[in-house]
Amino acid sequence: MKCAARLNLTSQYLIKQDHVDYATVLGTHPYYIDQKAGVNNFLQNIIVGGKKPDGTDATNECTYLIIKAVEEVNLTAPGIYVRIHKKSPEKLINMISSSIFRTKNNPSLLNDEVMIPALYNALIQDEEDTPETRKKMKELANDYCVDGCWEPILNGKSDWTFAMMVGMQAVESALNQGASLKKDDALFRGAKVSPTTPVPKDFSDVMKYLEMHLQFFVDQAIMSLFMYYMIDENAAPSPLFSAYLEGCMEKGLDKTSGGANHNLGGIVLGSVPDMVNQLAAIRLWVYEENKYTLEQVCEAIRENFGVGNTSLPKEKLKLYENIRIDFDTNSPKFGDSDVEADRLTCDILDIFERCVKNSAEFGKKLFQDEAPEKEWRKIASLRALAGYYGLPLGKTFNIKMKITAGLGTFEQYNWQGRGIAASANRGNGEPIAPNFSPVPGTTHAGILGVMNSLSKFRLEMFAAGTITDVCLNDDCATEDIIREIVCEFIHRYGAMMTVAIGTKAKYDEIYEIAKEALKDPASKANQELARYADINVRIGGWQTPFITLPLDHMKNYTNRPVDM
């Protein structure tokens, strides 16, 4: 227990570990080692409940013992997820509700009603459609678990890799002819990040160009999956993990050389809530009310809605402020049970699913499948253009990658927002929405409003996971209310959910102390913060004491608590 209760409040001794070599640089962002919150977890999960491979309920006495133990000690590691479904025992639902109420954040939830169909649809890709195959894939899907943060994998039977992308890049590109809206005086329109498209004349143009740019970014992400996989064996073999992974010992191959029987590759899209809020505001104020022109909106975005800029003319500042107010407070919002916002969310998710399917077909043809003799030279040339000169995965390793789609950010919503211009309810470079959750401070219909929105989104399309983080205001938290939230999550087809209980006042108090502590010696700062060490929160896919979060993560949390 003491080993699992470690609490790093300083990063000084970690500087010796702060390095990059050939193995660590592959797919790794440099901030990982610098973020002190990240070193307080082990990325290990316990998964209980759910269904057995044959589809019957897996809940047993051990399930209850583990949940009770987690409730009693309330450690930040390991994380615990409970798989639940419509036929889960009432005792299990009651125990989950009690545990969340007492720990204020444990356990997290996985909905078998969504995740099993999602994984089955992914696993059946490129397989022969026979009763035997369907039965096998259903058994695999029934027995899923999650890895690291919340990535769905097969229980001891699959290798897994993923690529992440920020959907707001595609929104900016659709509005700005393939260029970023981040202000840069050295560039005409902004950094060119995607092929040029015309200025949209109406909202249908906006959505058409959005799909074109999203397709471009998804194509890049799919290629990165295959490229990463084809160089992985040379940089980061995993003999210990491979020894426990079905298929590797039988084939005598490391997982990086195609030893695993199943290989999943996920494309995880972040900032969907921000996309919805921004596009809903543009549709309303530019194309329906005609209050602003698209050019004026793009100018306001480049100038961060004029916030803190005293050099702009007064009439410009007033215009930009009006745009910001309308975008922030007078427009439909994601996850707020708003009909227009929910319909727009469905449109965006359908676009993303189509893009992933198109890219997967192309990526497999280019990097995986063996080509007919008359085509192989052309395909090899295309691989070379992408920077890879070797043979396809299917020929080298006999790998059939199952490409999946997901929605979320993990804990990376702060740095993912750094490259994005201002948008509805956020300033230039500020964090995007965490995971597939409402932008903090925009939920007016309460948590049940979030659940109502989730029920409309067909989340069974997304086998790479879709996790929604909710934070219940401490003042209205009771076991009965939490139980209602859990039941709504099941029956309204949420996919994955974390529940925290907290108050804005307490989060603000800790944030202000942490900000001031930066000016103090480490020993004094740690003494001040240690008083709040028992306040744990979910951060992306893992949990940590609130006091260990970077300040921008803390600030993001202060607006999350909402009522039922």
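Positions are given from 1 along the sequence. Please read all numbers here as calculations on a predicted model, not as lab measurements.
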Just wondering, do [Y] and [X] contact through their side chains at under 4.5 Å, heavy atoms?
| X | Y | result |
| --- | --- | --- |
| Asn330 | Trp285 | yes |
| Ile351 | Met207 | yes |
| Arg83 | Ile47 | yes |

Worked verdict on Thr404 versus Trp160 for side chain to side chain contact (heavy atoms under 4.5 Å, CB included) | CA-CA 10 Å; Thr404 61; Trp160 156 254; 4.0 Å; yes
Test of ring centre spacing under 6.0 Å for Phe546 and Tyr532 |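 Ring-ring flag for Phe546/Tyr532: false, centres at least 6.0 Å apart.
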Assert yes or no for the condition that the ring centre distance of Phe436 to Phe334 is strictly below 6.0 Å.
->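 Ring centres of Phe334 and Phe436 closer than 6.0 Å.
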Under the criterion side-chain hydrogen bond (donor to acceptor under 3.5 Å, both in side chains), which of Asn425, Asn277, Thr442 is the partner of Lys333?
->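 Among the candidates, only Asn425 passes.
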Determine the minimum heavy-atom distance between Gly494 and Val114, stating which atoms define it.
->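 Between these two residues, the closest heavy atoms are O-CG2, 3.4 Å.
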Under 30°, 30 to 60°, or over 60°: which ring-plane class applies to Trp150 and Phe410, parallel, tilted or perpendicular?
->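 Because their plane-to-plane angle is under 30°, the rings of Trp150 and Phe410 count as parallel.
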Check ion pair [X]-[Y] (N to O, under 4.0 angstrom):
| X | Y | value |
| --- | --- | --- |
| Glu299 | Lys316 | yes |
| Asp342 | Lys456 | yes |
| Glu72 | Lys68 | yes |

Would Tyr320 and Arg302 satisfy side chain to side chain contact (heavy atoms under 4.5 Å, CB included), going step by step from the backbone distance to the final call?
-> CA-CA 10 Å; Tyr320 297 161; Arg302 282 194 193 92; over 6 Å; no
Judged by modelled atom types alone, do Asn435 and Tyr413 share a side-chain donor-acceptor pair under 3.5 Å?
->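 Tyr413 and Asn435 do not have a side-chain donor-acceptor pair below 3.5 Å.
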